[in-house]
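Just so you know, residue 1 is the first one in the sequence shown, and it goes up from there. This structure is a prediction, so every number in the text was calculated from the model and none was measured. Below, all heavy atoms of this structure are taken into account, side chains as well, without hydrogens, waters or symmetry copies.
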Amino acid sequence: RAAELTLKAGYTHFQFEQANVSQGNEVIGATSIGNASVYGSNIFANSSRTKERRHIENVAVTVIMFHANEPGVQNAFDAAKVLQQQQG
C-alpha cells in the first residue's frame, strides 16, 4: 500500500520509520443471564455475566517519500519495482 500511495503522491521511492506494533483484547459486548425462583415468601435469584472480547492488533508506521534525485533515496524502496514484484 505504501508503494501505491508513494506513486499517487508523485514520488518514486519510500522508506519506513518509527514502526509500532501493539496487540491486546477489547470488550465488544456482554451477555447477562439471570433467573429467579419464588418459594413461599422467599425469592432466590442467580445471574451471570459474560464479556465478549476480540483480539486486536495494530501496526503503525511512518512512510517517508522521496523523488528519484533526492538525498537518502539510495536507501529507499523503488515504489514501481515493489508493485511490479507484487503483480508478477
Side-chain angles (χ1 to χ4, degrees):
R1 182 78 174 126
E4 292 172 11
L5 294 174
T6 297
L7 295 174
K8 185 175 181 180
Y11 294 90
T12 58
H13 293 74
F14 68 96
Q15 69 184 34
F16 299 118
E17 283 190 9
Q18 300 177 359
N20 288 311
V21 178
S22 63
Q23 58 182 336
N25 293 298
E26 69 180 2
V27 176
I28 59 171
T31 304
S32 295
I33 300 171
N35 60 42
S37 301
V38 178
Y39 295 101
S41 61
N42 297 316
I43 299 174
F44 300 93
N46 292 321
S47 66
S48 65
R49 185 172 187 170
T50 304
K51 291 182 181 177
E52 297 174 38
R53 299 177 179 270
R54 72 173 171 190
H55 182 75
I56 56 170
E57 295 179 0
N58 294 307
V59 177
V61 65
T62 301
V63 178
I64 310 296
M65 298 177 187
F66 299 90
H67 292 105
N69 58 351
E70 289 183 308
V73 75
Q74 66 275 7
N75 298 322
F77 295 103
D78 182 321
K81 286 183 181 179
V82 169
L83 289 177
Q84 185 179 20
Q85 288 174 351
Q86 284 184 340
Q87 295 170 356

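Crowding of F44 atom CZ: a count of heavy atoms from other residues, nucleotides or ligands under 6.0 Å exceeding 12. Within a 6.0 Å radius of CD in E4, other residues, nucleotides and ligands contribute more than 12 heavy atoms. Few gaps surround CD on Q74; more than 12 heavy atoms of other groups in view lie less than 6.0 Å from it.
Hydrophobic clustering (side-chain heavy atoms under 4.5 Å, transitive across Ile, Leu, Val, Met, Phe, Trp, Tyr) groups V61 together with L5. Cluster annotation: V82 is connected to V63 through the hydrophobic network of ILVMFWY side chains, with a link wherever side-chain heavy atoms come within less than 4.5 Å.
Closest heavy-atom contact between E52 and T31: OE2-OG1, 2.8 Å. Among all heavy-atom pairs drawn from S32 and R49, the shortest one is OG-CG, 3.7 Å. When all heavy atoms of G72 and Q15 are compared, the closest pair comes out as O-OE1, 4.1 Å. Residue V73 comes nearest to H13 through the heavy atom pair CG2-CG, 3.3 Å, listed as atom of the first residue, atom of the second, then distance.
In this structure, M65 CE and T6 OG1 are separated by 4.0 Å, a value rounded to the nearest 0.5 Å. From K8, atom NZ reaches atom CZ of R1 across 7.0 Å, with rounding to the nearest 0.5 Å. Here the straight-line distance linking atom CD of Q18 with atom CD1 of I64 works out to 7.5 Å at 0.5 Å rounding.
Side-chain atoms of T12 come within 3.5 Å of backbone N or O of A68 as a donor-acceptor pair.
Every residue meeting the ring pair (Phe, Tyr, Trp, His ring centres under 6.0 Å) condition with F14, not counting sequence neighbours, appears here in chain and number order: F16, F77.
Between E57 and V21 the shortest side-chain heavy-atom distance does not fall below 4.5 Å.
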